[in-house]
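Scroll down for the structure; my scribbles are underneath it.
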Amino acid sequence: MNQDYIVPDNWSIIEEGFEQDRVKSSESLFSIGNGAMGQRANFEEAYSGKTFQGSYIAGIYYPDKTKVGWWKNGYPEYFAKVLNAPNWIGINIEVNGENLDLAKCKSVANFRRELNMKEGIYYRSFDAVLQNGTEIKVKITRFLSLDIDELGAIHYEVTVVNTEANIVFKPYLDAGVHNEDANWEEKFWEPKGVMYGDNQAFVTARTFKTHFTATTFMQNNIYIDGVLQEGIRDNVEETIDKVIFSYEVELAKGQTASIQKLGGYTVSTNHPEENLIPSAKKAIEKASHLGFDGLVENQKQAWAKIWEMSDITIDGDVKAQQGIRFNIFQLNQTYLGKDSRLNIGPKGFTGEKYGGSTYWDTEAYCIPFYMATKDQQVARNLLAYRYNQLDKAIENAEKLGFKNGAALYPMVTMNGEECHNEWEITFEEIHRNGAIAFAIYNYYRFTGDYSYIPEKGLEVLIGIARFWHQRATFSTKRGEYVILGVTGPNEYENNVNNNWYTNYIAKWCINYALEQVEKVKEDYPADYARIMHKVNLQNEEILGMKKVANKMYFPYSKEHHVYLQQDGFLDKELITVADLDKSQRPINQKWSWDRILRSPYIKQADTLQGFYFFEDHFSKEELERHFDFYEPFTVHESSLSPCVHSIQAAVLGRMEQAYTFYLRTSRLDLDDYNKEVHEGLHITSMAGTWMSIVEGFGGMRVKKGKLTFEPRIPSQWEGYSFKVNFRNSIVKVEVNHQETKVSVEGDKSVEVIVNGAAQLIKN
């Protein structure tokens, strides 16, 4: 834990007191989104202190030129990044001729932020004394509508405390924005026009290179003590990419002036370019008809529906409860499954690190959450995202010398092309292929929906199997197949030979793909004929794949009775994390990369990731040996690490350790464990937090088509509950120290296994 200022609360994230050195962290923590767009919790008014301005539109990206010291064959030409979108939230405030700026006020008191997760609404309030002596009270409400997902709303009110005052509201739109992480300081948006009339304005801009066009819009209404003020706009400032309105009002002591600002984006991915402004006007018209209070009510209802299915309750531990709801809330703000063209970036709408692109995190961590808490179509859309990019995955493999339809999915992508900017990850962290195949298997295992495989999934599985077949090398010395020059999930080891996890998932991928070929051949002959005509899979190639899978090499230590993370792991100086000076942590911020690579320290589950995916392939005794060997060397400096270890500790009955890991994964950002929350939140790992309760403490598995539970409960909790949508039945699990209760909604009965005993659950 590196920060502890968030007030514990069951349903809200709360900050009390204004501290300039934590503004950027809070901008991340209080971020809001609605699946179509999102924004950091930047102040609406001007702020001259340290800030990270960020608004983002789903699916809008830019191919920033890769910045490297030298070039290598096949190196990605660009690093795709989510773009900082035009700013619509800005409202500069003048009070008796002085700009309101919290960094320059004479004093700031009673500062409070609250992100109400139950309702999806962000509040901020403070009292300020300006340098000119005017005392004001300010209250702001802001949200991004789930009902009208192109639109957000702000209510900003200023009350004069000690004197009469002249207040000027200056709401604006600004397309002259820059990315925090721009490699070459270039601008990404080309202004295309400004239009305004009455209280509405529209700024249209187009991205360079990718040519996405967005119209940013606003409508403003001014009130004094709740009474609408008509016709008071007295000035407009306009440039090629910015428009500012001015509204001037006179207040007596104690009076309140407020502005209600509607704003948002219409984009060319959803509308023809000529319809962007008309579509924006329609969104404004619909919102205006509802009114601010109506928009708020719809927001509350929309979030109530989400929470009805996805909530996890924890009794007796407020910080644990706050943590899991924060994770679930941010996942739903980031991705709602409405658009199969979209995916889940590691930072979501909260920052620019990792480019906002798609990683293997989606398949390994996010799909289980979306399968269980939403309609299965949402998870199927995530699988379809990869199928739709299969041709690009084949192109990516061809660039590296692979052939005959072998597919290498990118480590990082926006459109299927590889766009990661680190060579040792781009070319070597090839295990991501395995996670994509595993997600297809996991989807069928959980939903029982096999139709995806003959329709789309089998082509993906064959392309991935072909890659592993060609990537493996036969070692005459060993008489087995090896996979050389890779990086496993532990990115603190690069360019190693025979990473156990990579070899194991490669073998599994080949076997699983060939099993599905036979099943589709037998049960779906028309699909089989169509696919074989397309991929031209011959018997000779199948025999070669089987040979690789059957003779795959796995490094093993007879001394320690464990599979080795890679061939040279025991050559390292095996000093455990417990014996590492705490002043050296986190090592990724204190050590040179060369020193990290020579160390035994593990960034996240690697060998243990394989034991998590393929739990039923190994005994509990084998898991215990490997957990005891590897966890002491694990520094958990990846956000994806604590959740997997929490699940495995729970399986082993080590509840204190499981609980400690759970707190770390659920409050990773709230308590800033990795000293980087100012850069944005760890969205994809938040799905792992959900898994740590449902799969870890709840012990949920699917075995032989049946939903099974082996519930455990931390001593710190009085009880917990969760729901899962299992094959279109809503199953609720409630656990306390005395019993486990399983119930089902609706008329269908469901057979579940609880602690080895079958139960037929009826409503």
Looking only at heavy atoms, which two atoms of Tyr409 and Asn433 are closest? And how far apart?
N-OD1, 2.9 Å
Using a strict threshold of under 4.0 Å (side-chain N to carboxylate O), is an ion pair present between Glu363 and Arg432?
no
Using 30° and 60° as the class boundaries, would you call the ring planes of Trp360 and His431 parallel, tilted or perpendicular?
perpendicular
Is a donor on one side and an acceptor on the other found under 3.5 Å between the side chain of Thr684 and the backbone of Asp361?
no
Could you check, using the six-membered ring where one of them is a Trp, whether Phe726 and Phe446 have ring centers closer than 6.0 angstrom?
yes
Side chains of Ser145 and Asp147, donor plus acceptor under 3.5 Å
no
Check this for me: does any side-chain nitrogen of one of Glu114 and Arg124 sit under 4.0 Å from a carboxylate oxygen of the other?
no
Search all heavy atoms of Leu342 against all heavy atoms of Tyr385 and return the closest pair with its distance.
O-CD1, 3.7 Å
May I ask you to check whether Phe349 and Tyr56 place their ring centres under 6.0 Å from each other?
no
Side-chain donor-acceptor pair under 3.5 Å between His636 and Ser641, yes or no?
yes
In chain order, what residues pass the side chain to side chain contact (heavy atoms under 4.5 Å, CB included) check against Asp317, with sequence neighbours excluded?
Ile314, Lys319, Ala320, Tyr659, Gln716, Trp717
Please give me the minimum heavy-atom distance between Gly345 and Ile683, naming the atom from each residue.
O-CB, 3.8 Å
Could you tell me if Lys300 sits above the aromatic ring of Phe143, with its cationic atom closer than 6.0 Å to the ring centre and no more than 45 degrees from the axis?
no
Sole residue of Thr350, Asp672, Asp669 in side chain to side chain contact (heavy atoms under 4.5 Å, CB included) with Leu29:
Asp669
Looking at Leu144, is its backbone amide N or carbonyl O close enough to the side chain of Gln299 to form a donor-acceptor pair, meaning the two atoms are under 3.5 Å apart?
yes
Take atom CG of Asp747 as the centre, draw a 6.0 Å sphere, and report whether it contains more than 12 heavy atoms from other residues, nucleotides or ligands.
no
Check the orientation of Phe613 and Phe438. Use parallel for under 30°, tilted for 30 to 60°, and perpendicular for over 60°.
parallel
In terms of side-chain geometry, is the basic nitrogen of Arg654 or Asp628 positioned less than 4.0 Å from the acidic oxygen of its partner?
yes
I would like to know whether Arg113 and Tyr122 meet side-chain hydrogen bond (donor to acceptor under 3.5 Å, both in side chains); could you show each step before the answer?
CA-CA 8 Å; Arg113 300 187 202 233; Tyr122 166 57; 2.9 Å; yes
Using a strict cut-off of less than 4.0 Å between a Lys/Arg side-chain nitrogen and an Asp/Glu carboxylate oxygen, indicate whether Lys732 and Glu745 qualify as a salt bridge.
no
Does a side chain donor of either Gln376 or Arg727 reach within less than 3.5 Å of an acceptor in the other side chain?
no
Nearest heavy-atom pair of Ser685 and Leu668: which atoms, and what distance?
OG-CD2, 4.2 Å
For Lys748, is the NZ atom crowded, meaning more than 12 foreign heavy atoms sit under 6.0 Å from it?
yes
Does the side chain of Ser638 pick up a donor-acceptor pair with the side chain of Gln604 at under 3.5 Å?
yes
Would you mind checking if Glu679 and Lys24 are paired as a salt bridge, meaning a charged N to carboxylate O distance below 4.0 Å?
no
For a quick check under 3.5 Å, do Ser12 and Asn116 share a side-chain donor-acceptor pair by atom type?
no
Apply ring-ring contact (aromatic ring centres under 6.0 Å, His included) to residues Tyr444 and Tyr452 and explain how you reach the verdict.
CA-CA 8 Å; Tyr444 169 56; Tyr452 179 77; over 10 Å; no
Is Arg712 salt-bridged to Glu710, cutoff N-O under 4.0 Å?
yes
Would you call the rings of Tyr563 and Phe611 parallel, tilted or perpendicular, taking 30° and 60° as the class edges?
tilted
Side chain to side chain donor-acceptor pair (under 3.5 Å) partners of residues 30-39, not counting sequence neighbours, each pair once
Gln39-Arg142
Over 60° means perpendicular and under 30° means parallel, so tell me whether Phe329 and Trp307 are parallel, tilted or perpendicular.
parallel
Out of Ile730, Thr373, Leu707, which one pairs with Val724 under the side chain to side chain contact (heavy atoms under 4.5 Å, CB included) rule?
Leu707
As a quick check of understanding, evaluate ring-ring contact (aromatic ring centres under 6.0 Å, His included) for Tyr443 and Tyr370, giving each step before the final call.
CA-CA 10 Å; Tyr443 172 81; Tyr370 288 101; over 10 Å; no
The test is ring-ring contact (aromatic ring centres under 6.0 Å, His included); show your working for Tyr504 and Phe618 and say whether it passes.
CA-CA 13 Å; Tyr504 197 88; Phe618 306 98; 5.6 Å; yes
Verify the distance criterion only: is there a donor paired with an acceptor across the side chains of Asn490 and Asp606 at less than 3.5 Å?
no
Is the backbone N or O of Tyr630 less than 3.5 Å from a side-chain atom of Thr634, with the two atoms forming a donor-acceptor pair by type?
yes
Determine whether the side chains of Lys374 and Asn381 contain a donor N or O and an acceptor N or O closer than 3.5 Å.
no
Taking the basic N atoms (NZ, or NE/NH1/NH2) and the acidic carboxylate oxygens, is any pair closer than 4.0 Å for Lys603 and Glu637?
no
Any side-chain donor-acceptor pair under 3.5 Å between Thr689 and Asn327?
yes
Once the angle between the rings of Trp508 and Tyr441 is folded into 0 to 90°, is it parallel (under 30°), tilted (30 to 60°) or perpendicular (over 60°)?
perpendicular
All heavy atoms of Thr665 vs all of Pro642, minimum pair found to be CB-CB, 3.9 Å
Parallel, tilted or perpendicular, as decided by the 30° and 60° cut-offs, for the rings of Phe629 and Phe633
perpendicular
